[in-house]
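Chain letters run A, B, ... following the sequence lines, proteins first, then strands; residues in each count from 1.
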Amino acid sequence: MPELPEVEAAARVARRAVVGRTIDRVVIGHPSIARRWSVSDRRRCHGRRIVALTRRGKSQLLHLDDGGTLVVHFRLDGDWVVDRAGDALPPFARFAIRCTDGRRLVLVDPRALSTVTHHPAAAPPTFALGPEADDPTLTATGLRARLVGRRTSIKSALLDQRILAGLGNIYAAEALWRARLDPRRPAGGLEASELARLLRGIRAALADGVAHLGRYRTGGRTVAWRVYDRAGAPCRRCRTPIATLSQGGRTTYWCPGCQR
DNA sequence: TATTCCCTGTGC
DNA sequence: GCACAGGGAATA
C-alpha cells in the first residue's frame, strides 16, 4: 500500500489516534524493530506526550514533548491499526504505542520490513530527500534541474527518493504511462515538454490515488490501475498489450505502443 | 550505478 | 517448490 497517498492517509489515522495523548509504554513485537531500540530509547518514550505527527516522503514523524522523534517507515506492507490496550494484539503486530488513556496504535506488517526508530532531541533525524512528489510549487524546470546529467532510466530516477520523495513502483509506472514516456529513457535526456507532461502525470497519478484511498482501505483495491499489474492486458489508450521489464530489480509495467 | 539483503506471505 | 511482492540501506 504505502506510497505517498497511502502513507498520508495512514498518517491522518495515526494523528487522530495519538496526537495530544501521552505514551504509557511502547511495545516492541519483532526482532527487526528491537534491533534498533536501546533500553534508553524505550525509557525516554515513557510518559512523553505526542505533540504532532507529520509526514516527510514516506516516513511518518511522531514529535514528542521532550523534542524527541519517532520515525516510522512502512516499507512494503506496514499499516496502522487503532485499538485498545488489553485487546489481543492483531496479527503481525510489530510495534505499538500504548497511551495512558488506553488507546493503542499498532503497526502491523506481515513482512516485518517496517522500521521504527527513536531520535532524542539532541540527535534529530535527517532525511536526504528531494521535494515532495505532490509539492504544488514544483515546476518542470525544477524537475529538470534534479534530473540533469542523470544516466539512469527515468523510471529508476522516479524511485530515487533523493530526487523526488514519495513515489514508489506503482505511481512511478502510472505517472510515466500518463505522460506517454518510455520508462527506459535516460532521466537526463528528457525535453522540457516531456518534463511538463511527466509532472502532470505525477500529479494526476497521485490525485487518483488519493481519490480512491477510501475504497482501497476498506477491502481490496477495486480501482483499476492504468498500467500497473496489467501485463498482457490491452493498453487503455491504444490497445497494445501491456509489457513488463525489470529495472533496478523492480518490475516496470508499460505500454510499448504509446510510451515513447 | 547496479546488485544484495532484510522478512514473511501468497500465488503460480 | 519457487518467484515475486508497492522500499531502501548497504555493498560492490
Provide, to the nearest angstrom, the distance between the [atom1] atom belonging to [X] and the [atom2] atom belonging to [N].
| X | N | atom1 | atom2 | answer |
| --- | --- | --- | --- | --- |
| Arg151(A) | dA2(B) | CZ | C1' | 14 Å |
| Arg150(A) | dT1(B) | CZ | P | 6 Å |
| Leu158(A) | dT1(B) | CG | P | 14 Å |
| Trp225(A) | dG6(C) | CH2 | C1' | 8 Å |
| Asp208(A) | dG6(C) | CG | C1' | 15 Å |
| Asp229(A) | dC12(B) | CG | P | 10 Å |
| Lys155(A) | dA2(B) | NZ | P | 13 Å |
| Gln247(A) | dT3(B) | CD | P | 12 Å |

Distance-only, no hydrogens or angles: does the [X] side chain make a donor-acceptor pair with backbone N or O of [Y] under 3.5 Å?
| X | Y | answer |
| --- | --- | --- |
| Ser32(A) | Ala112(A) | yes |
| Glu132(A) | Gly57(A) | yes |
| Asp83(A) | Asp87(A) | no |

Just the table, please: protein N/O against nucleotides 7-10 of chain C N/O, every pair under 3.5 Å.
unit_1	atom_1	unit_2	atom_2	d
dG7(C)	OP1	Lys58(A)	NZ	2.9
dG7(C)	OP2	Asn169(A)	N	3.3
dG7(C)	OP2	Arg250(A)	NH1	2.7
dG7(C)	OP2	Arg250(A)	NH2	2.2
dG7(C)	N2	Arg75(A)	NH1	2.2
dG7(C)	N3	Arg75(A)	NH1	3.2
dG8(C)	OP1	His73(A)	NE2	2.9
dG8(C)	OP2	Lys58(A)	NZ	3.1

Given that Gly149(A) and Arg94(A) both sit by DNA chain B, which one's nearest nucleotide is further toward the 5' end?
->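 Final value for this comparison: Gly149(A).
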
Contact class for Thr251(A) (heavy atom, under 4.0 Å): base, sugar-phosphate, or nothing?
->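 Result for Thr251(A) = sugar-phosphate.
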
Would you mind writing out the side-chain donor-acceptor pairs for residues 42-52 of chain A within the sub-3.5 Å range, not counting sequence neighbours?
unit_1	atom_1	unit_2	atom_2	d
His46(A)	ND1	Asp24(A)	O	2.8
Arg48(A)	NE	Asp65(A)	OD1	2.5

Classify the ring geometry between Phe95(A) and Trp37(A) as parallel (under 30°), tilted (30 to 60°) or perpendicular (over 60°).
->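 Plane angle between 30° and 60°, so tilted.
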
Taking Tyr171(A) as the fixed residue, which of Tyr228(A), Tyr253(A), Trp225(A), Trp177(A) is the one that meets the ring-ring contact (aromatic ring centres under 6.0 Å, His included) rule?
->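 When ring-ring contact (aromatic ring centres under 6.0 Å, His included) is applied between Tyr171(A) and each of Tyr228(A), Tyr253(A), Trp225(A), Trp177(A), only Trp225(A) qualifies.
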
Can you hop from Val82(A) to Leu53(A) via hydrophobic side chains spaced under 4.5 Å?
->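 Same hydrophobic cluster.
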
Spacing of the [atom1] atoms in [M] and [N] (rounded, Å):
| N | M | atom1 | answer |
| --- | --- | --- | --- |
| dA3(C) | dT4(B) | P | 14 Å |
| dC12(B) | dG6(C) | P | 15 Å |
| dC6(B) | dG1(C) | P | 22 Å |

Presence of Tyr171(A) side-chain N/O under 4.0 Å of dG6(C) phosphate oxygens OP1/OP2 =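 No, Tyr171(A) has no side-chain N/O under 4.0 Å of OP1/OP2 on dG6(C).
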
For DNA chain C, what is the dot-bracket line, given that a base pair needs Watson-Crick (N1 to N3, plus N6-O4 or O6-N4) or G-U wobble (N1-O2 and O6-N3) geometry with both distances under 3.5 Å, and | means paired with another strand?
-> |||||.||||||

Salt-bridged, Arg226(A) to Glu174(A), with N to O below 4.0 Å?
->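 Looking at Glu174(A) together with Arg226(A), the answer is no, because their closest N to O distance does not fall below 4.0 Å.
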
Using a strict 4.0 Å threshold on nitrogen-to-oxygen distance, state whether Asp101(A) and Arg103(A) make a salt bridge.
->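 Not counted as a salt bridge, because no side-chain N and carboxylate O are separated by less than 4.0 Å.
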
